[in-house]
Number of protein chains: 2
Amino acid sequence: MQQRAVETRGRILEAAVREFSEKGFHGARVDVIAAEAGVNKQRIYAYFANKETLFSEVIRHIFTLIGDEEAIFLDLGEGDAPHMSEILLRHYMFFHARVPEFWRLLAWENLESGRHAHVLKDVRETVFAHLRRIYQAGQRRGIFHGQVSFETYLFILSAIAFFYYANQRTLSHTFNRDLADPAMREQVIRECLALLTIHNHPASTEAISQGVSR
Amino acid sequence: MQQRAVETRGRILEAAVREFSEKGFHGARVDVIAAEAGVNKQRIYAYFANKETLFSEVIRHIFTLIGDEEAIFLDLGEGDAPHMSEILLRHYMFFHARVPEFWRLLAWENLESGRHAHVLKDVRETVFAHLRRIYQAGQRRGIFHGQVSFETYLFILSAIAFFYYANQRTLSHTFNRDLADPAMREQVIRECLALLTIHNHPASTEAISQGVSR
DNA sequence: AATAAAACCAACCAGTTAGTTTGATTTGTG
DNA sequence: CACAAATCAAACTAACTGGTTGGTTTTATT
C-alpha cells in the first residue's frame with residue numbers, strides 16, 4: 001500500500017468515527033462518510049469490506065485511543081494514592097469532553113450490539129492492574145475503604161464521568177443547570193470528590209476539594 | 001374512539017416501546033411494530049401521524065412511567081434521611097432491571113436528539129422537590145455532606161444505576177464479573193453505599209450496608 | 001337488521017441506501 | 001518514459017422502507 005493510500009484510508013476512518021459516533025451504525029450513511037472524507041465512495045469499499053467492517057475498525061480505533069491515554073497512569077506510584085480519585089476523575093471528565101466520540105460510540109456499542117466489548121478490555125488490562133496495586137496499598141493505609149473493591153471504586157468514577165456527558169441534555173434540563181459550562185463541571189467534580197473521600201474528622205471538611213496541581 | 005380501538009392503539013404503543021428501545025429510532029421498523037402488535041400496518045397510521053410522532057409518544061409513555069413509580073418517595077419523611085441513599089439506589093437499580101426499556105430509550109434519546117428532555121423534567125419535579133427538603137434537613141443533622149448539593153447527590157446515585165445497566169456488557173467483560181448476576185448487583189450496591197455514607201468512626205464500618213427492610 | 005367504526009389484505013409508490021460496475025484520469029516509482 | 005497503483009466520476013442495481021390506497025370483512029351499537 002502506497003503512502004497516499006494509507007492517508008486516504010486514514011481520512012476515511014476519521015470521517016467514519018465522526019459519522020458513526022454522531023448517528024450510530026444504523027443512522028450513519030456511507031455516502032456521508034465518503035463526502036466528509038473528501039473521497040470517492042468506491043475507495044471506502046477498496047479499504048473496508050463493508051459498512052459493518054468499517055464500524056468495527058472505528059470502534060477498535062476509538063477504544064484503543066482511551067487505552068493509550070490511560071497509559072500515563074503507569075507513572076503513578078503508591079504515594080499518589082491520596083489524590084488518585086481526583087486524578088482519575090479529572091482525567092475521565094476531560095477525556096470525555098475532549099473526545100466525545102468515545103462515550104458516544106461506547107453508548108452506541110452497548111445499545112446496538114456489544115460485540116466489541118473484548119477490545120476495550122484488552123487495551124485497559126495492564127493499566128488497571130497497575131492502578132489496582134496502588135488502590136490496595138491505599139486501602140491498607142486507610143486512604144480507601146476496606147470493603148470497597150477496586151472494581152467498584154473505578155466503576156463509580158467511570159459512571160460519574162460517563163453519565164455526566166451521556167445524559168447531559170436531560171440532566172441540564174431536569175436540574176436547571178448548564179452542565180456544558182466548565183464552571184458547573186468543576187463544581188460537580190469537587191462535590192463528587194468530597195463525597196468519595198474518606199474524612200477522618202467529619203466536622204472539618206474544608207481541606208478537601210481544593211484541587212491538586214498536575 | 002371505541003374501546004376496541006383504544007386497546008389496539010395500546011398494543012401498538014407497547015410494541016413500539018419494545019422495538020424503539022431495542023433498536024432506536026433509526027433502527028426500528030414500522031413493519032416490525034405492526035407485526036409485534038398483531039395489527040395491520042395501516043392501523044399504526046390511523047392512530048399516529050408518522051414514525052416520529054409514534055416515537056415521541058413512546059418516549060412520553062416511558063418517561064411518565066418512571067415519574068409515576070417515583071411517587072412512592074412522597075411517603076418518605078425527614079426521619080428516613082439515614083437510609084435514603086439505600087432506598088433511592090435500590091429503587092433505581094431495580095427499576096432499571098425491571099424496565100430496561102427506560103434506560104435504553106433514555107440513552108437513545110440523549111444520543112439521537114434530546115428533544116424530549118422537558119418531559120422527563122416535568123414528571124419528576126414534584127418528587128425531587130420533596131426529596132430535596134429531606135436531604136437538606138439531613139445535611140443539617142450531619143447525615144449528608146454539607147458541601148454536596150442535593151443535585152450532585154442525586155446525580156451520583158442516578159449515574160451508578162444507569163451506568164451499571166447501560167454499560168453492562170463492556171463492564172462485565174472488562175472486570176471479569178457477571179453484572180447480570182443478582183448477587184453481583186447486591187455486592188455493588190453494598191459497596192457503593194459504603195462509599196457514599198458518612199462514617200463518623202472510619203475504623204468501624206461493619207454497621208452499614210446491611211440493607212433496610214422496605 | 002342497519003349502520004358505521006374498526007380492522008384486514010395486499011399491492012403499490014417513491015425515496016433511500018449499501019454496494020457494484022465501467023471507464024477515464026491522476027500520481028508515484030522503477 | 002512506462003507501468004501500475006490510486007483515485008475519480010457517475011450511472012446502476014437490488015433490496016429495503018416509510019407511508020398510501022382501494023376494496024373487503026369483521027365487530028359493536030342502535
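Numbers restart at 1 for each chain; the letters A, B, ... are given by sequence-line order, proteins then strands. Basis for what follows: all heavy atoms, side chains included, without hydrogens, waters or symmetry-related copies. None of the values given here were measured: they were computed from a predicted structure.
Residue pairs meeting the ring-ring contact (aromatic ring centres under 6.0 Å, His included) criterion with at least one member in residues 113-137 of chain B, sequence neighbours excluded, are B/Y135-B/F144, B/Y135-B/F150, B/Y135-B/Y153.
Counting to the nearest Å, the C1' atom of D/dA6 and the CD1 atom of A/I44 are 15 Å from each other. Rounding to whole angstrom units, CZ of residue B/R9 and C1' of C/dA7 are separated by 17 Å.
Each of A/V58, A/I33, A/T8 was compared with A/L13 under the side chain to side chain contact (heavy atoms under 4.5 Å, CB included) criterion, and only A/V58 meets it.
Summarising the local packing, CZ of B/R60 is surrounded by 12 or fewer heavy atoms from other residues, nucleotides or ligands at distances under 6.0 Å.
Ring geometry for A/F163 versus B/F162: interplanar angle of 30 to 60°, hence tilted.
No side-chain donor-acceptor contact under 3.5 Å links A/R190 to the backbone of A/V188.
In this structure, B/Y47 reaches the sugar-phosphate backbone alone: every heavy-atom distance under 4.0 Å involves primed, P, OP1 or OP2 atoms, never a base.
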Completion exercise
Going 5' to 3' through nucleotides 17-30 of chain C and flagging B where a protein heavy-atom sits under 4.0 Å of the base, S where only the sugar-phosphate is that close, and - otherwise, we get SBBBBB----S---

